[in-house]
Each structure stands twice: as structure tokens, then as C-alpha cells.
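This is a predicted model, so every value here is computed, not measured. When reading the values below, keep in mind they use all heavy atoms of this one structure, side chains included, and skip hydrogens, waters and symmetry mates.
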Amino acid sequence: MLAEARGFKVSEIAINHRPRQVRLLQYGVRRFVKGFLDLLTVKFLTGFGQRPQHLLGSIGLFSFALGNLGLLYLAVTWLLTYFELHEFPPLHQRPLLMYAVAATLLGAQMMSIGFLAELMTAYMGRTTKATASRRGRRERARLEPLITTRGFIE
């Protein structure tokens, strides 16, 4: 998958399978877990390697919105209790307060990490290209006097 994502040609080759000498299963739960984690890593690298903000920002926005919805619900219930329109338990006795605050903070952190990851990928891409172009200019500057003195460029 990674090779194909980078533009290489991938194909299958027919091979001879030999029967097992010992009838032991080599596939356990641990192997499936490792395979699944490897699959997630490959999917992330091929899909979000150059645009990590798409994944991290989406998760962050969802979490941030969910947390703010919880806080909005708690604010409405507090106002209803304050003006004695309906009776709700106090906020400090409700677990939704902790979950909503945690979701809001997690969302903000995920979006911040996404921005930082986006900056890092942009910076790494820019320095690689800039280094290559600088190297090319230096190489041309070194070879140009040789080319002009030997008559290759008119």
C-alpha cells in the first residue's frame, strides 16, 4: 500500500505453497491486533501524511462542539433552576459537567495539535524544496564557467 501510494507499480507473483509440517496455528489475537494497528498507521500515513489537520481538526471540532453542547444544556438547566421554573440537581453533582469540560478541552487540544502538525509538514516540505533548489543553483553556478569557456552555451 505504501509503495503504491508513492507511485510504484505493485503486482502479485504466483508462488508454491508447501503444506505445514506441524499443525500449529500461527495466528492469535496478538497478531490480529498488531495487523490492525499497522493498517491504521498505513491509512493515516497515506491519507493524512501531508494534511494532518483534516483528521485532527475534524476530531477536535467534533469533540469541541459536543462539549459546548453539554455546557449549553447545563447552562439552560441552571437558569431554569435559578429562576425556579423547574428543579434540577446542582451542577456539582452531575457528571455531565466534567465530561463536557473534558470534551471541550480535548477538542481545543486536538485542533491545536492539528495546527502544529500542519505547520511541521509545511515547514518540512518547504525546507526540502528550498534545499534542493539552493543545491541546484550552487551546482549551476559551479558548472556555468566551465560550460561557457568550453563553448557549450552561446
Side-chain angles (χ1 to χ4, degrees), residues 1-15 24-147 153:
M1 251 178 117
L2 285 174
E4 187 176 19
R6 297 190 189 263
F8 291 95
K9 183 179 175 185
V10 177
S11 61
E12 294 183 22
I13 300 173
I15 59 169
L24 292 177
L25 264 180
Q26 297 176 356
Y27 301 101
V29 176
R30 183 182 295 169
R31 182 169 177 160
F32 283 112
V33 169
K34 286 182 180 179
F36 181 70
L37 292 175
D38 286 344
L39 179 67
L40 286 177
T41 301
V42 169
K43 178 63 180 160
F44 180 79
L45 287 176
T46 57
F48 301 106
Q50 296 301 315
R51 48 192 168 92
Q53 178 67 8
H54 287 196
L55 176 69
L56 298 171
S58 299
I59 294 170
L61 277 175
F62 177 73
S63 178
F64 192 77
L66 205 61
N68 281 329
L69 281 175
L71 289 174
L72 179 67
Y73 171 75
L74 288 172
V76 169
T77 60
W78 181 79
L79 286 172
L80 290 175
T81 304
Y82 183 75
F83 291 114
E84 298 174 358
L85 299 173
H86 198 277
E87 189 62 34
F88 289 101
L91 288 180
H92 70 277
Q93 293 178 352
R94 302 171 77 178
L96 180 59
L97 179 63
M98 288 297 161
Y99 291 137
V101 169
T104 303
L105 292 175
L106 176 72
Q109 284 184 337
M110 291 297 281
M111 287 188 287
S112 298
I113 290 171
F115 285 133
L116 289 175
E118 196 73 31
L119 284 171
M120 288 172 61
T121 56
Y123 179 75
M124 294 304 288
R126 188 182 72 206
T127 57
T128 305
K129 291 176 187 172
T131 304
S133 66
R134 255 187 261 123
R135 192 177 305 133
R137 282 195 299 264
R138 274 187 297 206
E139 192 67 23
R140 276 195 305 274
R142 187 178 67 82
L143 292 176
E144 199 167 277
L146 295 175
I147 294 172
I153 294 179

Taking side-chain contact (heavy atoms from CB on, under 4.5 Å) as the test, write out the residues that go with [X], two or more places apart.
X: F8; value: A3, R6
X: Q93; value: P89, P90
X: L85; value: L80, F83
X: V33; value: V29, L37

Discussion item. Test of understanding: with ring-ring contact (aromatic ring centres under 6.0 Å, His included), list the residues that count as partners of Y82, not counting sequence neighbours.
Written reply: W78

Discussion item. Test of understanding: with ring-ring contact (aromatic ring centres under 6.0 Å, His included), list the residues that count as partners of H86, not counting sequence neighbours.
Written reply: F88

Worksheet item: Sequence neighbours excluded, which residues qualify as side chain to side chain donor-acceptor pair (under 3.5 Å) partners of T77?
Response: R94

Item to complete: Please round to the nearest 0.5 Å and tell me the distance separating atom CZ of F32 and atom CG of L39.
Response: 13.0 Å

Worksheet entry | Gap separating the CG atom of L91 from the CG atom of L74, nearest 0.5 angstrom | 5.5 Å

Worksheet item: Is the closest side-chain heavy-atom distance between V42 and D38 below 4.5 Å?
Response: no

Item to complete: Would you check if L97 and L71 make a side-chain contact, meaning some heavy-atom pair closer than 4.5 Å?
Response: yes

Donor-acceptor contacts under 3.5 Å from residues 62-70 side chains, at least two apart:
| unit_1 | atom_1 | unit_2 | atom_2 | d |
| --- | --- | --- | --- | --- |
| S63 | OG | A103 | O | 2.7 |
| N68 | ND2 | F64 | O | 3.4 |

Sequence neighbours excluded and cut-off under 3.5 Å, please list the side-chain donor-acceptor pairs for residues 108-118, or say none.
| unit_1 | atom_1 | unit_2 | atom_2 | d |
| --- | --- | --- | --- | --- |
| S112 | OG | A108 | O | 2.9 |
| E118 | OE1 | Q53 | N | 3.1 |

